[in-house]
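Residues take their numbers from the sequence shown, with the count starting at 1. All ligand and atom numbering here is 1-based and tracks the order in the structure.
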Amino acid sequence: MNCYETLHIKRIINASEPYTDLGGSLMEKETVEAMMQAAGHCIEYEALRNAVCEKAAQLTQNEAAFVTTGASAGLELSAGACMCLGREENMDMLPDTSSFSRNEIIVINGDVLHIIPYWRLTGLTGAKIIKVKPDIRYIKEAVCEKTAACVLFPASFYEKGIPSCEEIIPVLKETGVKIIVDAAAQLPPASNLWYYTKKLGADLAIFSGGKHIKGPQSTGLIVGDKELIRLCKMLASPNPRLGRAFKTGKEELAGFITALELFVSGDEEKRFKRQEEKLLKIAETVKEKTGIRTEMLQKGRLGTFQPLLHLYLPEHMTAKNCNIYTRSLTPAVDVGVYPPEFGMEENIVFINAYNLKDEEEIMVADAVCDYILKMKENSRQ
Ligand SMILES: *Cc1c(COP(=O)(O)O)cnc(C)c1O
């Protein structure tokens with residue numbers, strides 16, 4: 001029996017996204033091996049962490065980098081660092097920011113955008129969150145002497161008409177405000193690891209380690225400005241400050257840096273092709289068995305460099321119900337369902353092969369066919 005079976009936990013084939021709910025991504029063999037090696041010895045923790053962070057900076061072509069316990073931890077540490085910039089004595093006061101000259105964080109209004117409010121996490125630092133309408137003019141006007149930073153999320157993929165990072169960042173740069181980009185799931189291409197900071201000029205960009213980088217699920221990465229990264233490090237474990245709660249273990253540090261190296265040095269075209277082959281196989285099988293329309297897209301759900309397959313379910317069937325059905329199978333299959341804010345038709349199932357192991361594409365195709373054929377059968381009765 002494996003560890004999941006002992007706990008009565010059902011295996012899920014991930015045909016959607018490296019969602020946290022599904023346990024993130026699957027690590028490569030080399031990454032797991034690095035974690036096992038790290039687990040075998042005690043070391044000088046800070047030396048290891050510094051070496052890992054330095055290598056992460058090199059691999060991501062940034063001035064500096066900090067490896068933490070997730071993109072969420074990255075948001076908190078970044079917000080904290082921006083409030084303590086030039087005032088290191090502030091660090092020991094967090095989360096009491098009442099005496100700070102700069103303690104406001106601007107975010108794009110989550111009441112207007114229906115995206116998951118990850119920006120809320122910046123508030124755990126004691127920062128006052130200022131919510132602004134998704135309009136460049138209002139965002140610029142909101143910047144004042146109390147502003148410590150502005151947190152951006154590449155939201156234009158979710159909602160039409162929302163200003164993109166490419167549009168907002170140059171305008172914000174004129175004000176001199178610090179800019180943090182939450183790019184947790186904005187990979188691949190690997191070049192996004194330096195795109196937001198080096199190309200667009202954001203001060204910090206944040207990525208999940210457990211999503212597309214395929215590191216341990218409990219890791220994350222902050223890249224960008226050297227001084228801000230130094231402050232993130234000082235706020236984090238093992239120092240007894242706000243970020244003490246975000247402790248990366250030696251195993252996670254070793255696993256993360258191995259995964260990052262594999263991610264950055266891998267052949268992206270080849271990876272794309274391998275995923276595309278799996279998707280084409282699914283499309284072919286589903287079309288043959290059920291006659292439904294399929295469509296291959298050359299872009300991922302968030303505009304990323306990934307192939308994506310759309311399956312158009314017949315009338316009276318929804319992606320949501322299809323997912324409920326395929327999740328009930330053993331092993332379960334998670335097919336992609338667009339959240340309502342994407343404004344997509346309810347009958348579109350999306351399939352992403354990023355975390356599909358060889359041969360699993362057959363099980364995905366069978367699961368979807370099973371659903372369609374059963375529904376057709378039911379409606380005939
Ligand atoms: C997943 C995600 C996060 C949270 O990342 P963790 O690594 O799970 O902490 C934050 N922001 C966005 C946009 C995400 O997609």
Pair R271 + E276, salt bridge at N-O below 4.0 Å: no
Is the closest N or O pair between A71 and ligand 1 shorter than 3.5 Å? yes
Under a 3.5 Å cutoff, is there a donor and acceptor pairing between the side chains of Y312 and E295? yes
Show your working on side chain to side chain contact (heavy atoms under 4.5 Å, CB included) between F350 and R301 and close with a plain yes or no. CA-CA 9 Å; F350 75 81; R301 206 178 54 115; 3.4 Å; yes
Please state whether Q217 comes within less than 4.0 angstrom of ligand 1, counting heavy atoms only. no
Summary of salt bridge (charged side-chain N to carboxylate O under 4.0 Å, His left out) pairs that have at least one residue in residues 352-375, sequence neighbours excluded: R11-E360, K278-D358, K281-E361, K289-D366, D370-K374
Salt bridge (charged side-chain N to carboxylate O under 4.0 Å, His left out) pairs, two or more places apart, involving residues 251-264: K55-E261
May I ask you to check whether K211 has an N/O atom sitting below 3.5 Å from an N/O atom of ligand 1? yes
Please check if any side-chain donor atom of T248 sits under 3.5 Å from a side-chain acceptor atom of Y45, or the reverse. yes
Going by the atom numbers of ligand 1, which of them fall below 4.0 Å from some non-hydrogen atom of F153? 13 (C)
Numbered atoms of ligand 1 (with element) below 4.0 Å of D182, judged on heavy atoms: 10 (C), 11 (N), 12 (C), 13 (C)
Are more than 12 heavy atoms from other residues, nucleotides or ligands located less than 6.0 Å from atom NZ of K376? yes
Polar-atom distance check: T219 versus ligand 1, any N or O pair below 3.5 Å? no
Only heavy atoms of A185, strictly under 4.0 Å: list the atoms of ligand 1 that pass. 15 (O)
Using a 4.0 Å cut-off to any heavy atom of T20, which atoms of ligand 1 qualify? 8 (O)
Using a strict 4.0 Å cut-off to heavy atoms of G70, name the atoms of ligand 1 that fall inside it. 7 (O), 9 (O)
